[in-house]
Structures are given as structure tokens and as C-alpha cells.
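Here is the structure we will look at, set down as C-alpha cells.
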Amino acid sequence: VSSGLIVSFGEMLIDFVPTVSGVSLAEAPGFLKAPGGAPANVAIAVTRLGGKSAFVGKLGDDEFGHMLAGILKQNGVQADGINFDKGARTALAFVTLRADGEREFMFYRNPSADMLLTPDELNLDVIRSAKVFHYGSISLIVEPCRSAHLKAMEVAKEAGALLSYDPNLRLPLWPSAEEARKQIKSIWDKADVIKVSDVELEFLTGSDKIDDESAMSLWHPNLKLLLVTLGEKGCNYYTKNFHGGVEAFHVKTVDTTGAGDSFVGALLTKIVDDQSILEDEARLKEVLRFACACGAITTTKKGAIPALPTESEALTLLNG
Ligand code: ADP
């Protein structure tokens, strides 16, 4: 069990997921309300594993916003860093489940409350108490959230936090691929730890190669750890001194939503109190095996938050 605080910055929203796949949104017989948003998932992944986390972001002062804040609190996530916007509503995502199992999203964000977080509204006390500051808001590109994002990163860094970044690429939300690349790269070299998916690696390098060379082309001098997650193929890790891979666990996958967030939450929970792990390949591999186990378990249940594992569930898979 870790004791250092992990602060996760970004959005929390509700996914409306149809009860059947292969039909249009309008034809769906019903929807499930699934709370999500990658940064919020990471915050809950941490507490579910017994760690300490806080969420920083803005929700609408509406039924959905208060429901989401309640879910964070019920899960033991510190909520003092949450702001409520009086005017704008909480972000919503309407999901279509295609017959091939892929998901398509339509977002209510015109603008949603998360996009309207201003630098002045940030709870700096929460941010300064972070041992690890995790970020990667999909609202990075819009003001005032962009300025709030940059300020939060700066304050956390000054206070000595380890900075962890997941770009959470959501192309339909960005004006263009070019702009998305530019924005992601503008905060790239502030991070100590970066996790990208194979899709994000391809997007950022502009090549369809997923190998060591393409991963290393994203390296920056201050980086301590770069991770490339590969779904059912596990993950690759890169540090200044060593690199390698960790295999995924074989599980019965039903829904991969939240696997990456579960993986990140697990990694951060294990390194928050002991960053020397990042310099020791054997210990890092052990931590990444744990993170892969957490990611795998998350794919065995529907939704993200309900599927995030406890430490004992992860250890059962790990040692089983
Ligand atoms: P992201 O959600 O960011 O795309 P991934 O889907 O690669 O991330 O998932 C993160 C981690 O979760 C992977 O590195 C892997 O260890 C585990 N994982 C994801 N999908 C599966 C799967 N189908 N089977 C087993 N493990 C998985």
C-alpha cells in the first residue's frame, strides 16, 4: 500500500453506452450510464489498489456533475480539487457499439464544464501536495482549460512532483491531426513518465512501425520512463539505460475500456513512494507485470470504473 498522493488532472464525464451493439444511437433500446474520463479512471484505479489520489478538474453544477463527484468520493478519491461551473454542463459521451466491437463517440461539449476550468480556479494546495502529478486532459487544446493545464503542471513540478503524461488522443475532438500533434508535443518534454498506446505511437511518429526505433524517436532528455502499451501484446518500456517488454496476461476479454488507465494507475501506485524503481530494471519489470495484470483484469468486465481491480485481485492473477 502506498502513502504518497497521486493527483490526476483532467475531465470526468458520463458515457451513455447502448445496451446492444450494431445499431445506431437512435435505434438503441436503452443506455447504461457509465462514469468515465481517463484522468478520473486513473484516480479511482489508484484508490482501488489501496493508494491515495485526488482529482482536479471541473464538472457542471448539475445532476451529472454531482453524481460524478459522488462516485469519486465513494471510491475514496479526494475531491477538494473539483470545481463546479454554474453555467456549463458536465461533458457527456454518446457511444455507438459497432458490430465489430469498436466504439464510436459523440461528445456533448459545447462547451462542457471541464473545458472552462481557469488557472485562477485551481486548488493549488492540492496540486502542491502531489508526489505524482498525472495529466492528459482531452481539453488541452481549448482555453481556458489549456492555461489551467499548463499552470497545474508547472505548480506540481515546482513542488517536486513526478510528472506523468498520457496523451489520451481523441482525434474527433481536435480541430486537426496536425494541431493535435503540435499540442501534445508542446507538453511532451515536461513529463518524467509518458505512457502512449500503440495507436498514439503511430500517430505521433507518423509511421505505422511499432518498434524500438519509433518509440525512441519520441525520447526527450529529461524523460525517466516511456511506456508503449500494446493491448493483448502487453507493453514495452524504455529508460535511459535499458529497455524491454512485458507480456500481457491471458484473460477472457469482454470490454477493453479503461485498461490503459488501470495500467497507469497501477504503475503510479507502485512508484509514488519509491522512484528508484525507475532505475532498476528487475524491479520495474515486476511493477509493469503488476500493471499488465491490472490492465488485463479491467478487460474482463464491462465498463471502466466497475472493472478496476483491487490489489488482491491483481495478485491472484499475477501469482495464479
Ligand atoms: P490503452 O487503453 O491505453 O490503449 P491498452 O489497451 O494497451 O492501453 O491496455 C493497457 C494494458 O492492459 C496492456 O499493456 C495490457 O497489459 C493490458 N491489456 C489490454 N488489453 C488486454 C487484453 N485484451 N488482454 C490482456 N491484457 C490486456
Side-chain angles (χ1 to χ4, degrees), residues 8 10-11 15 17 34 36-46 48-49 93 95 100-105 134-138 164-171 173 180 184 191 193-205 208 210-212 214-215 218 225-238 243-271 284-309 313-318 320:
S8 191
E11 62 285 331
D15 286 339
V17 187
N41 294 343
V42 170
I44 296 178
V46 169
R48 187 104 6 118
L49 291 169
V95 181
D100 64 4
E102 288 296 312
R103 292 173 159 235
E104 279 170 16
F105 292 88
H134 176 74
Y135 59 97
S137 166
I138 52 174
S164 158
Y165 179 43
D166 178 343
N168 290 312
L169 183 69
R170 294 284 181 277
L171 269 185
L173 288 179
I184 290 172
V193 174
I194 297 177
K195 174 243 169 225
V196 292
S197 65
D198 41 7
V199 176
E200 287 163 345
L201 177 64
E202 287 178 341
F203 175 78
L204 290 168
T205 58
D208 57 4
I210 299 163
D211 56 17
D212 294 343
S214 68
L218 296 177
L225 174 64
L226 173 65
L227 293 159
V228 180
T229 54
L230 308 164
E232 61 191 9
K233 295 202 196 91
C235 73
N236 288 335
Y237 57 87
Y238 303 87
H243 67 90
V246 172
E247 283 187 15
F249 289 83
H250 292 290
V251 290
K252 199 158 175 287
T253 294
V254 298
D255 175 8
T256 61
T257 310
D261 304 327
S262 177
F263 175 95
V264 170
L267 166 75
L268 299 182
T269 306
K270 291 290 175 189
I271 64 174
L284 179 64
K285 268 188 104 150
E286 206 177 299
V287 164
L288 292 175
R289 270 177 45 78
F290 179 78
C292 282
C294 290
I297 291 168
T298 306
T299 74
T300 62
K301 292 183 207 154
K302 272 198 173 169
I305 291 171
L308 297 167
E313 285 173 305
L315 292 177
T316 302
L317 179 62
L318 201 59

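Side chains included, hydrogens not; waters and symmetry mates left out as well; all remaining heavy atoms used. In this text, all values refer to a predicted model and were calculated from it rather than measured experimentally. Numbering of ligands and ligand atoms starts at 1, following listing order.
Within ligand 1, counting atoms from 1 as listed, the ones closer than 4.0 Å to a heavy atom of Cys292 are 16 (O). For ligand 1, the atoms closer than 4.0 angstrom to any heavy atom of Phe249 are 24 (N), 25 (C), 26 (N). Atom numbering of ligand 1 starts at 1 in the shown order; those under 4.0 Å from a heavy atom of Leu230 are 7 (O).
At a heavy-atom distance under 4.0 Å, atoms from both the backbone and the side chain of Thr229 approach ligand 1. The residue Val199 has no part lying near ligand 1, judged by heavy-atom distances below 4.0 Å.
The shortest side-chain heavy-atom distance between Ser262 and Ile297 does not fall under the 4.5 Å cut-off.
Of all the listed residues (Cys235, Ala266, Ala296, Gly231), Gly231 holds the heavy atom that lies closest to atom 6 (O) of ligand 1. Closest heavy-atom approach to atom 10 (C) of ligand 1 within the set Gly295, Gly260, Ala291: this belongs to Gly260.
In this structure a side-chain-to-backbone donor-acceptor pair under 3.5 Å is present from Asp255 to Gly303. Between the side chain of Glu200 and the main chain of Asn168, a donor-acceptor pair closer than 3.5 Å is present. For Arg48 (side chain) and Ile305 (main-chain N/O), a donor-acceptor pair under 3.5 Å exists by modelled atom type.
At under 3.5 Å, a nitrogen or oxygen of Thr253, whether backbone or side chain, sits near a nitrogen or oxygen of ligand 1.
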